[in-house]
Visitor: 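This structure is in structure tokens; I'll ask about it shortly.
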4 protein chains.
Amino acid sequence: MDTLSPTPRPHRPSARRKEARPGELLEAALALFVEKGFAATRVEEVAARAGVSKGTLFLYFPSKEELFKAVVRENASRHLHDAFLEVAEYAGTSAELLHEFIRRWWTQYGGTPAAGLTKLIMSEAANFPDLAQYYQDEVVQPSHELVRRIVQRGIDRGELREVDLTLAAHLIVAPLVQLVTWRFSLAPCCPATLMPDPLALLDMHADMVVRGLRQE
Amino acid sequence: MDTLSPTPRPHRPSARRKEARPGELLEAALALFVEKGFAATRVEEVAARAGVSKGTLFLYFPSKEELFKAVVRENASRHLHDAFLEVAEYAGTSAELLHEFIRRWWTQYGGTPAAGLTKLIMSEAANFPDLAQYYQDEVVQPSHELVRRIVQRGIDRGELREVDLTLAAHLIVAPLVQLVTWRFSLAPCCPATLMPDPLALLDMHADMVVRGLRQE
Amino acid sequence: MDTLSPTPRPHRPSARRKEARPGELLEAALALFVEKGFAATRVEEVAARAGVSKGTLFLYFPSKEELFKAVVRENASRHLHDAFLEVAEYAGTSAELLHEFIRRWWTQYGGTPAAGLTKLIMSEAANFPDLAQYYQDEVVQPSHELVRRIVQRGIDRGELREVDLTLAAHLIVAPLVQLVTWRFSLAPCCPATLMPDPLALLDMHADMVVRGLRQE
Amino acid sequence: MDTLSPTPRPHRPSARRKEARPGELLEAALALFVEKGFAATRVEEVAARAGVSKGTLFLYFPSKEELFKAVVRENASRHLHDAFLEVAEYAGTSAELLHEFIRRWWTQYGGTPAAGLTKLIMSEAANFPDLAQYYQDEVVQPSHELVRRIVQRGIDRGELREVDLTLAAHLIVAPLVQLVTWRFSLAPCCPATLMPDPLALLDMHADMVVRGLRQE
DNA sequence: GATGAATGAGAATTCATTCAT
DNA sequence: GATGAATGAATTCTCATTCAT
């Protein structure tokens with residue numbers, strides 16, 4: 001698209017490439033770090049996947065470790081802000097909101113390459129404790145807060161029972177996290193039949209949560 | 001000494017002596033592989049933690065990779081056989097069985113060091129596809145089969161609704177797997193307050209599952 | 001413009017324009033090579049200090065090594081020719097000549113940035129034996145010859161004892177060389193108090209030489 | 001000597017080698033650093049010259065830089081202490097003491113491989129300012145102090161004129177330092193005829209110093 | 001059996017040099 | 001002519017593996 005549309009001053013090819021480099025490298029690095037882990041990924045592989053040479057990578061990131069940190073920072077907390085707004089404005093029932101929330105989580109994060117970040121953090125937390133803390137603060141905590149608000153809203157509306165919000169949030173989030181963890185760990189190795197259809201699983205999950213929490 | 005004493009179930013009599021030291025090495029290796037990942041763990045660390053020298057490790061395991069495989073094989077499918085027997089013989093309600101099953105899972109696996117294996121497999125599946133397949137066959141599949149039997153038993157007894165057994169099993173297992181994954185990834189890095197009490201979480205999970213699946 | 005104007009001694013008319021920028025590069029390179037050594041100096045630093053880009057440097061010098069050689073050739077044997085003439089024409093006593101020679105050496109070479117060349121050659125001689133030989137032939141030998149002539153002149157005039165000219169030249173030159181070596185090695189690192197005033201040192205040196213060599 | 005004398009428990013060969021390793025590596029490193037400079041010397045060369053592999057070097061020194069620092073510390077201030085004692089107890093004339101001091105300096109340091117350290121420090125001072133300071137404090141300062149004492153002793157005995165001790169020390173030391181600098185820089189590259197016989201040069205130097213400083 | 005010194009293949013990083021713009 | 005992004009050969013350093021004792 002970009003290459004075909006006639007623009008007044010199309011940046012010189014090399015300039016356009018230069019601007020795209022970090023993004024391409026981050027994308028390649030995310031995929032490889034997710035697949036093989038930080039230590040088992042060679043920077044040369046990352047560079048090759050991004051279509052550049054080893055040396056070029058170091059033009060944009062001073063070390064493999066900084067590349068890793070940039071990958072995490074780049075992919076953390078992308079859509080979280082929007083989700084907060086939507087929940088605050090939502091007008092339907094809690095059952096509808098939960099189904100909607102979970103489905104959107106899948107289309108906007110869980111089903112995208114960025115979801116590999118979740119598995120990556122799980123795998124490397126002990127080797128990068130500061131990043132783990134960052135992820136905890138920027139992604140985990142806000143996500144749980146969002147889910148707690150959804151549940152609290154249902155309680156306030158008389159649709160859901162009064163329950164421990166923290167535990168409920170963990171139980172609502174767990175299958176989502178589990179789904180992406182599997183998507184990037186066992187799923188690529190093992191027969192496709194083992195993985196249930198994500199949307200069917202998520203719909204049943206939303207249904208189970210609603211049944212499990214509803215006021216009787 | 002050990003090799004002569006008649007014990008009820010000696011794994012393989014001739015190998016018992018040899019397995020005394022390997023046991024310590026496997027234990028050390030499990031802990032370190034879980035914490036740092038396969039590539040980031042140095043064999044010298046494993047040996048040191050087991051109280052032997054680097055050379056000794058290679059007396060028992062021909063390579064780091066074989067050590068890893070032994071760790072997985074040693075820790076996979078420990079209590080699964082017993083669980084099958086117990087479910088088959090269980091006499092109480094489905095609600096009781098689910099609570100009992102989940103609680104025992106925690107005391108016999110989820111809360112033990114062996115549970116690190118789950119996180120380890122998640123992290124290293126792509127680097128060791130044959131082990132991932134082995135784990136899938138020996139642990140994941142049987143576990144899901146066991147859970148499906150529990151649900152089927154509830155349906156047969158008229159206590160639970162008819163649901164997709166595969167999806168139900170995934171949703172029942174997901175929070176358990178998620179719990180151990182966190183126990184070995186973010187939990188060691190981040191404030192204790194973030195982790196809810198495992199038993200409280202698991203009890204609520206069992207309760208939610210029962211409410212979500214019960215016949216109305 | 002420059003290339004057309006007839007000047008008294010244009011080095012090579014056609015090359016004058018080209019040599020404007022190389023001059024800055026050579027100056028920058030001399031300073032950095034002296035400070036850090038050939039291998040530890042990055043061409044990018046040289047270019048930056050000369051106010052041009054890395055690529056531009058290679059427009060004027062085909063390689064880092066050629067740049068180094070140009071630095072040496074540029075700075076070797078600058079004032080030697082004049083000194084020979086002055087000694088030949090000198091009319092005063094040997095004591096006056098020695099004092100004068102040494103003071104001029106300081107103002108015209110030893111105290112200038114060009115003196116860094118001496119330290120540079122000391123440091124890199126083994127890595128550039130052909131340059132070392134060039135320096136030996138073009139600078140060291142003529143300098144010693146000049147000093148030998150001064151001593152011979154003193155002997156001929158009956159002011160100085162008959163001594164081994166070669167040894168005397170070495171002993172007269174050594175403190176000069178030593179002074180610039182220190183100026184570019186330890187002096188920049190260590191408290192100024194350690195460095196004696198160069199002119200006081202050189203005056204005492206001239207005085208000691210005269211006393212050491214004079215006819216009794 | 002050691003290897004020939006029959007000792008009760010000759011260490012096992014490997015143990016004897018192990019103990020000798022650091023020394024062999026330091027010796028090899030000194031020679032190569034002196035010849036080519038720190039940056040231009042490859043650790044593999046050092047290892048090869050010491051008869052071991054690259055990896056072995058890192059068993060004894062954590063980095064190339066630490067190896068360099070160890071080389072300097074190992075070779076600095078070897079014979080300085082003895083020299084102080086000998087000067088304090090010396091009974092002869094100042095002329096004899098100066099000749100003796102300079103001759104011994106040559107046999108015990110200037111003429112040995114350890115003298116390369118002097119050139120090495122000159123070359124690398126700017127890149128290792130802390131080592132330069134260390135050398136200044138541990139070697140240069142004490143050496144000059146020693147020489148000042150010799151001159152002061154001569155003044156006290158009425159043999160030498162009153163002169164600036166600091167300047168005198170510099171002028172006495174300069175040709176010695178210059179001699180070793182040349183020994184390890186231009187001398188290996190250029191025809192032997194250029195280098196005067198060190199002992200003849202040093203004798204003339206001592207003679208010139210005595211003549212230059214003596215009371216008239 | 002146990003040790004740990006030694007090895008060397010492999011990975012991260014640097015930097016002189018090239019070349020399209 | 002000038003630039004600086006890109007390259008890849010070269011170098012430091014790591015660590016699984018071997019083996020003599």
Side-chain angles (χ1 to χ4, degrees), chain A residues 11-21 39-47 50-67, chain B residues 17-18 21 38-48 51-68, chain C residues 17-18 21 38-48 51-68, chain D residues 11-21 39-47 50-67:
Chain A
H11 305 297
R12 293 169 303 148
S14 75
R16 202 169 53 233
R17 288 187 84 192
K18 174 180 168 20
E19 284 159 24
R21 284 274 178 272
T41 298
R42 282 175 302 133
V43 292
E44 197 159 14
E45 287 178 280
V46 175
V52 300
S53 76
K54 206 172 15 165
T56 301
L57 187 150
F58 286 96
L59 244 41
Y60 295 96
F61 302 95
S63 71
K64 188 186 178 186
E65 198 159 333
E66 286 304 317
L67 170 64
Chain B
R17 179 96 183 250
K18 268 198 170 176
R21 211 173 273 294
F38 175 77
T41 297
R42 302 212 311 275
V43 292
E44 196 160 16
E45 285 179 282
V46 175
V52 300
S53 76
K54 203 169 23 166
T56 302
L57 187 151
F58 285 93
L59 242 43
Y60 294 98
F61 303 96
S63 72
K64 188 187 181 186
E65 199 158 314
E66 286 304 318
L67 170 64
F68 180 79
Chain C
R17 179 98 182 245
K18 269 198 171 177
R21 210 171 275 295
F38 175 77
T41 297
R42 301 211 311 273
V43 292
E44 195 160 19
E45 286 179 282
V46 176
V52 300
S53 76
K54 202 166 28 163
T56 302
L57 187 151
F58 286 93
L59 243 43
Y60 294 99
F61 303 95
S63 72
K64 187 186 180 185
E65 200 158 316
E66 286 305 317
L67 170 63
F68 180 80
Chain D
H11 306 296
R12 292 170 304 146
S14 76
R16 201 168 56 235
R17 290 188 83 192
K18 173 178 167 27
E19 284 160 23
R21 285 274 178 271
T41 298
R42 283 175 302 135
V43 291
E44 198 159 12
E45 287 178 281
V46 176
V52 299
S53 76
K54 205 178 10 168
T56 300
L57 187 151
F58 287 96
L59 243 41
Y60 296 95
F61 303 95
S63 70
K64 187 185 180 186
E65 198 159 333
E66 285 305 316
L67 171 64

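Just so it is clear: chains get the letters A, B, ... in the order the sequence lines come, proteins before strands, and each one is counted from 1.
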Visitor: If each of C:F58 and B:L59 is mapped to the nucleotide of DNA chain E with the nearest heavy atom, which maps nearer the 5' terminus, i.e. the 5' end?
Guide: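 Mapping each residue to its closest nucleotide by heavy atoms, the 5'-most match is B:L59.
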Visitor: Rounded to whole angstroms, how far apart are CZ on A:R42 and C1' on E:dA9?
Guide: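 Taking CZ of A:R42 and C1' of E:dA9, I get 12 Å after rounding.
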Visitor: Atom CZ of B:F68 to atom P of F:dA16: distance rounded to whole Å?
Guide: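 Atom CZ in B:F68 sits about 14 Å away from atom P in F:dA16.
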Visitor: If you write DNA chain E from 5' to 3' in dot-bracket form, with Watson-Crick or G-U pairs under 3.5 Å, [ ] for crossing pairs and | for pairs with another strand, what do you get?
Guide: .||||||||||||||||||||
Visitor: 5'-most contact on DNA chain F: B:G55 or C:G51, nearest heavy atom basis?
Guide: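 First, find each residue's nearest nucleotide; the 5'-ward one identifies C:G51.
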Visitor: List the atom of D:A40, the atom of C:A39, and the distance in Å for their closest heavy-atom pair.
Guide: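 Closest heavy-atom pair between D:A40 and C:A39: N-CB, 4.0 Å.
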Visitor: Does E:dA5 have OP1 or OP2 sitting under 4.0 Å from an N or O in the side chain of D:Y60?
Guide: no
Visitor: Does OP1 or OP2 of E:dT3 have a side-chain N or O of B:S53 closer than 4.0 Å?
Guide: yes
Visitor: Is any side-chain N or O of B:K54 under 3.5 Å from a base N or O of F:dT17, one able to act as donor and the other as acceptor?
Guide: yes
Visitor: Return the nearest nucleotide to the side chain of B:K64; candidates are E:dA16, F:dA16, E:dA11.
Guide: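 Output: F:dA16.
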Visitor: From the list F:dG8, F:dT17, F:dT14, which nucleotide is the closest neighbour of the side chain of B:S63?
Guide: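 Selected nucleotide (nearest to the side chain): F:dT17.
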Visitor: What is the distance, to the nearest angstrom, from the CZ atom on B:F38 to the P atom on F:dC15?
Guide: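 Distance check: B:F38 CZ to F:dC15 P gives 13 Å.
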Visitor: What is the separation between atom CG on C:L67 and atom P on E:dC15, rounded to the nearest whole Å?
Guide: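 In whole Å, E:dC15 P and C:L67 CG are 16 Å from each other.
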Visitor: Quick one: which of F:dA16, E:dC15, E:dT3 gets closest to the side chain of B:V52?
Guide: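 Side chain of B:V52 sits closest to E:dT3.
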Visitor: Using atom types as modelled and distance alone, determine if a side-chain donor or acceptor of C:E66 lies under 3.5 Å from a backbone N or O of C:S63.
Guide: no
Visitor: Return whichever of A:E44 or B:L57 has its heavy-atom-nearest nucleotide of DNA chain E closer to the 5' end.
Guide: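 Residue closer to the 5' terminus by nearest nucleotide: B:L57.
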Visitor: Quick check: on DNA chain F, is the nucleotide nearest B:T41 upstream (toward 5') of the one nearest D:A39, or the reverse? Name the residue that is more 5'.
Guide: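 The residue whose closest nucleotide sits nearer the 5' end is D:A39.
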Visitor: Exactly one of B:Y60, B:F38, B:F61 should register a side-chain contact (heavy atoms from CB on, under 4.5 Å) with B:L67. Which one does?
Guide: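 Single side-chain contact (heavy atoms from CB on, under 4.5 Å) partner of B:L67 among B:Y60, B:F38, B:F61: B:F61.
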Visitor: Excluding sequence neighbours, so at least two apart, what forms ring pair (Phe, Tyr, Trp, His ring centres under 6.0 Å) with D:F58?
Guide: none
Visitor: Quick check for you: to the nearest 0.5 Å, what is the distance between B:K54 atom NZ and B:T56 atom OG1?
Guide: 11.5 Å
Visitor: Heavy atoms under 4.0 Å, any strand shown: does D:V43 hit a base, just sugar-phosphate, or nothing?
Guide: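 Sugar-phosphate contact only - D:V43 comes under 4.0 Å of backbone atoms but never of a base.
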Visitor: Closest approach of D:V43 and D:L57, non-hydrogen atoms and distance?
Guide: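 What the structure gives for the nearest pair is O-CD1, 3.8 Å.
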